Colleague: 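Handing you this structure, nothing more for now.
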2 protein chains.
Amino acid sequence: MKPIDILNKHDMKRTSCREGIIEVVMTASQALSENEIRERLAGNYDRTTFYRSFKTLEEHNIIHKIVVNNQLVKYALNNSVTHKNEHTHFFCNKCQSVKCMDDVPVQKYQLPDGYSDNKTEVLIKGTCANCKTEE
Amino acid sequence: MKPIDILNKHDMKRTSCREGIIEVVMTASQALSENEIRERLAGNYDRTTFYRSFKTLEEHNIIHKIVVNNQLVKYALNNSVTHKNEHTHFFCNKCQSVKCMDDVPVQKYQLPDGYSDNKTEVLIKGTCANCKTEE
DNA sequence: AATTTATTGCAACAATGCTGCAAATAATAT
DNA sequence: ATATTATTTGCAGCATTGTTGCAATAAATT
């Protein structure tokens with residue numbers, strides 16, 4: 001599915017910024033930061049527009065945000081085909097890359113009485129396959 | 001163990017800021033943000049000193065940081081008695097509180113070939129026992 | 001082509017966090 | 001007790017991430 005079709009499906013206005021972000025995130029093999037997305041984008045957009053686009057796209061479940069730490073945020077496409085609903089994320093301490101681990105589902109956690117869970121975020125930090133071989 | 005003893009055990013200078021932070025975090029039932037800690041502190045410290053103190057205390061494994069999102073960071077004591085090594089964290093969407101789930105250990109995740117894990121962070125978001133009863 | 005509605009860009013602001021440097025403080029030796 | 005040394009603090013300044021209000025602009029609809 002093309003970026004335009006995705007926007008149409010969600011009854012969203014087809015602006016070039018949104019189209020561009022979807023395009024970039026769609027073709028990326030890993031989650032990308034705001035700057036990484038901007039670099040790959042044709043047009044030049046204001047930072048505010050960027051943030052608002054991310055927010056809207058996230059609210060419509062087109063992309064999701066991965067907060068590595070308070071200084072590093074990345075975005076990835078919600079692909080219902082390849083990305084299982086609740087997958088884990090992997091962060092490589094060496095190359096700082098973030099990958100959606102589509103084949104590593106989030107496990108169920110048993111909470112104490114009274115607590116109810118809504119969403120569980122799992123971030124696995126370590127060394128990725130690519131950096132491992134380069135040692 | 002008192003804050004001073006903890007600092008001595010780690011061969012750290014006993015400054016009032018460090019002592020205060022440990023004191024506050026020690027007596028808290030939940031993880032606290034920078035501001036929450038500052039409010040509970042007697043002395044008035046510069047923000048830089050605060051951050052540096054957090055950093056040093058974290059490096060010495062006295063406290064640990066919980067990044068809820070890029071706008072909300074909380075700190076909690078590393079109590080080897082009550083806090084198991086790898087525990088999960090719970091974030092309440094209603095009251096914004098963060099709690100160390102000492103009895104809910106982080107589960108093991110099987111990664112694809114080539115990947116090696118170092119640390120796994122699990123943040124469970126939902127409604128806490130306190131907010132549940134208030135509905 | 002005109003209207004309506006949503007989006008953009010700009011300016012300003014807030015929060016978190018880092019760095020260099022001089023002043024102050026803690027631990028140690030005298 | 002006092003002097004010395006090493007660490008820590010406070011300040012100024014800066015970077016990054018993110019938000020808000022408002023006027024200008026662009027998209028979808030009539």
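Chain letters run A, B, ... following the sequence lines, proteins first, then strands; residues in each count from 1. Model, not experiment: these values are computed from the prediction.
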Colleague: Side chain of Lys13(B), base of dT25(C): donor and acceptor closer than 3.5 Å?
Modeller: no
Colleague: Where the side chain of Thr49(B) is defined as all heavy atoms beyond and including C-beta, which of dT20(D), dG9(C), dG10(D) is the nearest nucleotide?
Modeller: dG10(D)
Colleague: For Ser53(B) and Tyr51(A), take the nucleotide of DNA chain D holding the closest heavy atom to each; which residue's nucleotide lies nearer the 5' end?
Modeller: Ser53(B)
Colleague: Categorize Thr48(A) for me: base, sugar-phosphate, or nothing, with a 4.0 angstrom heavy-atom threshold over every strand shown.
Modeller: base
Colleague: From dA6(C), dG10(D), dG17(C), pick the nucleotide closest to the side chain of Tyr45(B)?
Modeller: dG10(D)
Colleague: Is it the case that the base of dG17(C) and the side chain of Arg47(B) share a donor-acceptor contact (distance under 3.5 Å, atom types as modelled)?
Modeller: yes
Colleague: How many angstroms lie between CG in Asn35(B) and NZ in Lys74(B), if you round to the nearest 0.5 Å?
Modeller: 10.5 Å
Colleague: What's the verdict on side-chain contact (heavy atoms from CB on, under 4.5 Å) for Ile6(A) and Met26(A), showing C-alpha distance, side-chain angles and the deciding distance?
Modeller: CA-CA 11 Å; Ile6(A) 295 177; Met26(A) 226 170 160; 4.0 Å; yes
Colleague: Reckon Arg18(B) touches a base, only the sugar-phosphate, or nothing at all at heavy-atom distances under 4.0 Å?
Modeller: sugar-phosphate
Colleague: Choosing from dT9(D), dT8(C), dT5(C), which nucleotide comes nearest the side chain of Arg52(A)?
Modeller: dT8(C)
Colleague: Classify the side-chain pair Thr48(A)/Asp46(A) by whether it contains a donor and acceptor separated by less than 3.5 Å.
Modeller: yes
Colleague: Hey, which of these two, Gln71(B) or Phe50(B), hits DNA chain D nearer its 5' end, going by closest nucleotide?
Modeller: Phe50(B)
Colleague: What's the closest nucleotide to the Asn70(A) side chain, out of dG10(D), dC22(D), dG17(C)?
Modeller: dG17(C)
Colleague: Out of curiosity, Ser53(B) OG to Lys55(B) NZ, how far, rounded to the nearest 0.5 Å?
Modeller: 12.0 Å
